[in-house]
Enquirer: 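Encoded as structure tokens, here's the structure I'll be asking about.
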Amino acid sequence: MESPKALGLGSSLMSVQELAKEPVFAIPQPYIRSEEEPSIPSHGSDSPQTIPVIDMHRLVSGQTDLELENLHFACKEWGFFQVVNHGVESSVVEKLRNEIQEFYKLPLAEKMIYKYKEGNAEGEALESYICELQKLGMTLLGIIGKALNIGKGEMEELFEMGCSQ
């Protein structure tokens, strides 16, 4: 495989957006997970996944013991995870995806008009998506606190509307 230098990556990671501008025929080394890194088995399977997967439906429907254990492991060993069965409507996600695709087709000068200003989310699809993720985030923070044996008040002090302060 080519080195990151050969791929024009230099010593730091490039964004996926930058990588997508040119054809890349091999995964850049900084993006490859070593076999020694922890993994978590999927439900009902002994084969490891590359990213821990947490099922929100199981967490909120009372099937919590195994899922809380998985969440605790993911938080402690990985620091991130994928959430499935989260309840965010696929139509909200799809509408946002379509708007993002249209946005990236615009010329740079036109994109700069929409440059993000704190507290100002442009577009109905983005606002709907942000609202859904904030609700999901607050629910998830409460559950993470439970999985890590952190009091609800402590978690709420660190986060407001699902965002760190």
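Scope of the values below: all heavy atoms of this structure, side chains included, with no hydrogens, waters or symmetry mates.
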Enquirer: I need the E154 CD to N149 CG distance, nearest 0.5 Å.
Expert: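 Nearest 0.5 Å value for the CD-CG distance: 10.5 Å.
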
Enquirer: Got a second to check how far L140's CG is from L71's CG, nearest 0.5 Å?
Expert: 6.5 Å

Enquirer: I100: what forms a side chain to side chain contact (heavy atoms under 4.5 Å, CB included) with it, not counting sequence neighbours?
Expert: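 Scan of I100 (side chain to side chain contact (heavy atoms under 4.5 Å, CB included), adjacent residues dropped) gives L96, Y104.
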
Enquirer: Treat each ILVMFWY residue as a node, draw an edge where side-chain heavy atoms are under 4.5 Å apart, and state whether M112 and F103 are in one component.
Expert: no

Enquirer: Can you tell me if F81 has over 12 outside heavy atoms packed within less than 6.0 Å of its CZ?
Expert: yes

Enquirer: Using every non-hydrogen atom in the two residues, find where V88 and H86 come nearest and quote the distance to one decimal.
Expert: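 Scanning both residues, the minimum pair turns out to be N-ND1, 3.0 Å.
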
Enquirer: What are the two closest heavy atoms between I51 and F80, and how far apart are they?
Expert: CG2-CE1, 4.1 Å

Enquirer: What residues form a side chain to side chain contact (heavy atoms under 4.5 Å, CB included) with C131, not counting sequence neighbours?
Expert: K135

Enquirer: For residues R97 and V93, determine if any side-chain heavy atom of one lies less than 4.5 Å from a side-chain heavy atom of the other.
Expert: yes

Enquirer: Is there a side-chain contact between N70 and F73 (heavy atoms, below 4.5 Å)?
Expert: no

Enquirer: Kindly check if the number of other-residue, nucleotide or ligand heavy atoms within 6.0 Å of CD (E89) is above 12?
Expert: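 No - once you tally the heavy atoms of other residues, nucleotides and ligands closer than 6.0 Å, there are 12 at most.
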
Enquirer: What closest approach, in Å, do L136 and M56 show between heavy atoms, and which atom pair accounts for it?
Expert: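 Looking at all heavy atoms of both residues, the shortest contact is CD1-CE, 3.8 Å.
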
Enquirer: Taking side chain as C-beta onward, heavy atoms only, is I143 less than 4.5 Å from E67?
Expert: no

Enquirer: Would you say the side chain of E94 lies within less than 4.5 Å of the side chain of S90, judging by non-hydrogen atoms?
Expert: no

Enquirer: Apply side chain to side chain contact (heavy atoms under 4.5 Å, CB included) to H72 and L68, showing your working.
Expert: CA-CA 6 Å; H72 182 268; L68 274 175; over 6 Å; no

Enquirer: Report the C-alpha separation of I130 and Q134 in whole Å, then their side-chain angles, then the decisive distance to 0.1 Å, and conclude whether the side chain to side chain contact (heavy atoms under 4.5 Å, CB included) test is met.
Expert: CA-CA 6 Å; I130 289 171; Q134 285 176 329; 3.9 Å; yes

Enquirer: From K146 NZ over to L141 CG, what is the distance, rounded to the nearest 0.5 angstrom?
Expert: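 Reported to 0.5 Å precision, the distance equals 15.0 Å.
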
